[in-house]
Amino acid sequence: EKTTSEQTIAAQKTQLDRVQSEMKVLQQEMEHIRELHQSTQQDLETFARKNQKYAENLKTAVAKLKEFKHKNTTLQQQIETLTSTHKTQYDELMTQNTTLTQQHSEIAEKLNLLQQEYDGVSGEKDRHLQRVQELEQSDVDRTTKYDSLQQAFAAVQT
């Protein structure tokens, strides 16, 4: 029974090591996604600043349109080009941000499941270790009782 418990503990230790290794890999992946998410967030902030600058440029262009009606067609084409470019960049960044957020959620969910598995394996290991200690104590108790009986037998023989 003691050998079986030792084998069970060794198997659980191997499983625990595997789970810890997988958790480490997932944590590294989460950190990488967090970095990508932060980079995307910075890109969005840069885009917002560029967009604000664009809005200011647009106001200037409108004022110039009032002053120079004959340049109306050229300025309108420039505004449409800027709007299209910024809209495309914004849409791409939002798509990337959504994808990264989804990946982050999936990894967090995997990490949670691994943590639950780790907690279960760790609890089982603790129960088996406690059983081994009980068996060892029982072995000590039997040895002590055997020694006492031998002493009593030796005393009876003399």
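Computed from heavy atoms alone, side chains included, the values below leave out hydrogens, waters and symmetry copies.
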Step by step, would you call Q41 with L44 a side chain to side chain contact (heavy atoms under 4.5 Å, CB included)? CA-CA 5 Å; Q41 192 65 34; L44 284 171; 4.3 Å; yes
Please examine the side chains of Q28 and K24, heavy atoms only from C-beta on, and report whether any two atoms are closer than 4.5 Å. yes
Rounded to the nearest 0.5 Å, how far apart are CG of N97 and CD of E92? 13.5 Å
Sequence neighbours excluded, the answer for salt bridge (charged side-chain N to carboxylate O under 4.0 Å, His left out) partners of D17 is K13
Please evaluate residues D147 and Q150 with respect to the criterion side chain to side chain contact (heavy atoms under 4.5 Å, CB included), reporting the C-alpha separation (whole Å), side-chain torsions for both, the decisive distance (0.1 Å), and the verdict. CA-CA 5 Å; D147 290 344; Q150 264 192 334; 4.3 Å; yes
Give the intermediate values and the outcome of side chain to side chain contact (heavy atoms under 4.5 Å, CB included) for residues V132 and E136. CA-CA 6 Å; V132 167; E136 287 174 349; 3.7 Å; yes
Rounded to the nearest 0.5 Å, what separates atom CD in Q89 from atom CE in M94? 14.5 Å
State, without any angle test, whether S21 and R18 hold a side-chain donor-acceptor pair at a distance under 3.5 Å. no
Going by an N to O cut-off under 4.0 Å, is there a salt bridge joining K87 and D91? yes
Kindly work out whether a path of hydrophobic side-chain contacts (I/L/V/M/F/W/Y, heavy atoms less than 4.5 Å apart) joins I33 to L114. yes
Validation row: K50, Y54 side chains within 4.5 angstrom (heavy atoms): no
Looking at H86 and F47, what are the two nearest heavy atoms and their distance? O-CE1, 3.2 Å
Determine whether a donor-acceptor pair (N or O, by modelled atom type, separation under 3.5 Å) exists between the side chain of T143 and the backbone of D139. yes
Exercise answer: donor-acceptor pairs, residues 102-111 side-chain atoms, under 3.5 Å, sequence neighbours excluded:
unit_1 : atom_1 : unit_2 : atom_2 : d
Q102   : NE2    : E106   : OE2    : 3.4
S105   : OG     : T101   : O      : 3.1

Any non-hydrogen side-chain atom of Q78 less than 4.5 Å from a side-chain atom of T81? no
Working to the nearest 0.5 angstrom, can you tell me the gap between I9 CD1 and R131 CZ? 11.5 Å
D119 versus Q115, side-chain donor and acceptor atoms under 3.5 Å: yes
Determine the minimum heavy-atom distance between T8 and H128, stating which atoms define it. CG2-NE2, 3.4 Å
I'd like to know if the side chain of Q137 pairs up with that of D141 as donor and acceptor (distance under 3.5 Å, no hydrogens or angles considered). yes
Let me confirm one number: the CG-CD distance from N112 to Q116, rounded to the nearest 0.5 Å. 4.5 Å
Salt bridge check, R34 against E31: does any charged N sit closer than 4.0 Å to a carboxylate O? yes
Looking at Y118, is its backbone amide N or carbonyl O close enough to the side chain of S122 to form a donor-acceptor pair, meaning the two atoms are under 3.5 Å apart? no
Would you give the length of the straight line joining atom CD of Q42 to atom CG of L93, rounded to the nearest 0.5 angstrom? 12.0 Å
Side-chain donor/acceptor of T144 to backbone N/O of V140, under 3.5 Å: yes
With rounding to the nearest 0.5 angstrom, report the CD to CG distance, E6 to L129. 10.5 Å
